[in-house]
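Take a look at the structure below.
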Amino acid sequence: MVLRLYNTLTRQKGDFQPIDPSNVRMYVCGPTVYDYAHIGNARPVIVFDVLFRLLRHIYGPDHVTYVRNITDVDDKINARAAERYPELAPEAAIRKLTEETAAQFHKDIAALGVLAPTVEPRATEHILEMVELCDTLVKNGHAYVAADHVLFDVSSMPDYGRLSNRSLEEMEAGARVEVAPYKKGPMDFVLWKPSKPGEPAWPSPAGIKVPGRPGWHIECSAMSWKHLGKVFDIHGGGIDLTFPHHENEIAQSRCAHGTPVMANLWMHNGFLQVEGEKMSKSLGNFITIHELLEDGWPGEVLRFNMLRTHYRQPIDWTKKSLEESARILDSWRPAIETANGNAPAQSVIDALADDLNTPAAIAELHKLANAGDPGLGSTLRFLGFSGETLRAKAEKQAETAGAMADRVAPLIAARLEARKRKDFAESDRIRDELSAMGIALKDTKNKQTGEIETTWEVMR
RNA sequence: GGCCACGUGGCGGAGUGGUGACGCAGCGGACUGCAAAUCCGCGUACCCCGGUUCAAUUCCGGGCGUGGCCUCCA
């Protein structure tokens, strides 16, 4: 089968051809662990999980290597650690923060139904590779040392800017940032910088005497190199990373390894808004995965809601949409739970094979559901809907129901009595009373006896 | 200011050079004492202005609008 994917490098869809079909290699930029992951962070996690599942389906589960890193060295981390744990020594505070945040991240995304990546490397475990990259780049003339920094010389790379489709002249003309005096060119970026007291520090590359720490960007070049090689198949991340992060990764990796590309295919997921507005802390609409889960949204509902929009489109994250997702998924829960382990429906695979068209795939799921196709459940499971978080939610509701049963049962009995004697005013009054308690009734006629039977549930 | 996306019915959201998915909501019907749930059926859309074409929502140009990047934010 043909998998077609949109490539940011070429700005068009193309047939996916892995370098080695027995080992398809994908790298996705993971979180910088300094705070709760927000719902925007969840998007690439979910989107590339779907791609991972699709690749495993096509090439075999043992023939796909998915690397998603954790960046645990960064200015934001240092600042947050000092702020949150002022009583600890910097090193201990940083370790505590990164470990806690990484654990929280894992907990959050576990609810989203994502498979573990094949490898989840940490930046701090790849300092030696970063140092080696710096040394190589200085040696081959693509980087220079200035003021104890190692800087990448963008003028040494003729097609710098190809991914984000911008030229050096353009960028320099539009630059608003003050240029550090030690830079040769205004767009040169930091590969390595000296550490101030209290900051994480390692022996520096390129003969620099003072200890230092890596710049942004370099960690991904190091980790992808180590785990996937100098050139690999797919590199993914949020669209905001296109520039400068990915552009600079490309520059470092290609110039260090002398390769024409870093990854053949670059994929970027679109941005997310909240209730029609940009998500930002100042607007107070910053939503973390953790909060949504705490509010009682099953992780699978978050996952489904995310996949209802194509990954490259902007998505407007709204409560209304979440509610709709929850309703749909609830109606499919029985199918998930009785799934027979069959292969996923081909119509859904075909939709995904067209640049991960998850909305079209979901439309196909609806068609399966409407046709009563038994393949619905197994296809949903394939897509990462195990039913676990839905069941957990249902059990919680059942618990609430259990606690209310003593109060509800007599009312229902009284209502049935009232109905029998055709006292509908009383019957409706009781129904309203239950409704006010958050109880929804369902009347069904028993086919054998012809009796009306009433079931009830706690409203969402 | 430069670069880049996007603009489809009440809402969400695919797709296509020529019979305009799918879901939610809505409407009609069945069922019901009435509802809810369920089942059956139904309608409505391609931002604006030009151009190319036998034919454009789909291609091209311009405009307007929204969003993103250029500020270590996915």
Side-chain angles (χ1 to χ4, degrees), chain A residues 8 11 28-32 34-35 37-48 71 74-77 161 164-167 169-178 187 189-190 193 214-219 236-248 268-273 276-281 286 304-305 307-316 318 320-325 327-328 331 351 354-355 357-367 369-370 418-420 422-425 427-428 431-432 434-435 440-445 452 454-457 459:
Chain A
T8 306
R11 314 249 159 209
V28 174
C29 290
T32 299
Y34 71 101
D35 203 349
H38 57 68
I39 191 63
N41 293 311
R43 194 169 191 188
V45 171
I46 293 169
V47 162
F48 291 104
T71 295
D74 178 88
D75 287 351
K76 289 195 298 289
I77 293 174
S164 52
N165 193 26
R166 47 185 99 194
S167 69
E169 299 78 65
E170 251 163 48
M171 288 186 270
E172 287 170 11
R176 290 174 178 174
V177 205
E178 208 175 309
M187 297 310 292
F189 58 92
V190 172
K193 51 191 167 188
W216 193 32
H217 322 308
I218 190 81
E219 82 281 14
I239 193 162
D240 57 319
L241 294 181
T242 311
F243 189 90
H245 185 55
H246 289 162
E247 199 70 74
N248 291 350
H268 294 96
N269 61 271
F271 235 63
L272 177 146
Q273 285 182 271
E277 286 184 310
K278 178 179 174 161
M279 180 167 69
S280 72
K281 283 181 176 159
F286 203 83
F304 188 78
N305 198 240
L307 296 178
R308 290 209 304 161
T309 302
H310 183 85
Y311 77 95
R312 283 193 282 120
Q313 293 286 100
I315 181 171
D316 188 14
T318 64
K320 183 167 180 256
S321 173
L322 271 176
E323 283 164 353
E324 195 176 318
S325 295
R327 263 198 302 275
I328 294 165
S331 75
D354 180 15
D355 195 31
N357 193 336
T358 52
I362 288 169
E364 294 301 329
L365 290 174
H366 280 294
K367 287 178 190 165
N370 292 340
R419 293 193 54 191
K420 268 185 194 153
K422 303 228 189 289
D423 183 354
F424 297 122
S427 159
D428 289 351
R431 185 169 62 201
D432 290 346
L434 284 165
S435 174
L441 300 183
K442 276 187 208 173
D443 291 336
T444 49
K445 192 178 263 181
I452 296 292
T454 300
T455 58
W456 61 282
E457 61 184 25
M459 289 186 274

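Keep in mind it's a predicted model, so treat the numbers as computed, not measured. All chains are named by letter (A, B, ...) in the order of the sequence lines, taking the proteins before the strands, and each is independently numbered beginning at 1.
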Open item on the list: So if I define the base as every atom that isn't primed, P, OP1 or OP2, how would nucleotides 20-37 of chain B read as a B/S/- string at a heavy-atom cutoff under 4.0 Å?
Closed with: -BSBS-------SBBBBS
At a cut-off of 3.5 Å, list every protein nitrogen or oxygen paired with a nitrogen or oxygen from nucleotides 4-6 of chain B, distance to 0.1 Å.
none

Are any protein N/O atoms closer than 3.5 Å to N/O atoms in nucleotides 58-61 of chain B? If there are, list each pair with its distance.
none

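When the ring-ring contact (aromatic ring centres under 6.0 Å, His included) test is applied to F189(A), the partners found at least two apart in sequence or on another chain are F152(A), H217(A). Contacts of A363(A) classified as side-chain contact (heavy atoms from CB on, under 4.5 Å), with partners at least two apart in sequence or in another chain: none. By the side chain to side chain donor-acceptor pair (under 3.5 Å) test, E324(A) is found to be paired with R308(A), residues two or more places apart in sequence or in another chain being considered. By the salt bridge (charged side-chain N to carboxylate O under 4.0 Å, His left out) test, D355(A) pairs with R312(A), sequence neighbours left out. Qualifying ring-ring contact (aromatic ring centres under 6.0 Å, His included) partners for W216(A), counting only residues two or more places apart in sequence or in other chains: H245(A). Scanning for side-chain contact (heavy atoms from CB on, under 4.5 Å) contacts around N41(A) gives A37(A), H38(A), with sequence neighbours left out. Legend: residues meeting side-chain contact (heavy atoms from CB on, under 4.5 Å) with D316(A), ordered by chain and number and at least two apart, are Q273(A), T318(A). By the ring-ring contact (aromatic ring centres under 6.0 Å, His included) test, H246(A) is found to be paired with H235(A), W266(A), H268(A), residues two or more places apart in sequence or in another chain being considered.
Contact annotation for D240(A): base contact, defined as any heavy-atom pair under 4.0 Å involving a base atom.
Helical stems involving RNA chain B, defined as 3 or more consecutive Watson-Crick or G-U pairs under 3.5 Å, span B:1-7 with B:64-70, B:10-12 with B:22-24, B:26-30 with B:38-42, B:47-51 with B:59-63.
Between T309(A) and the phosphate of G13(B), there is a side-chain N or O to OP1/OP2 separation shorter than 4.0 Å.
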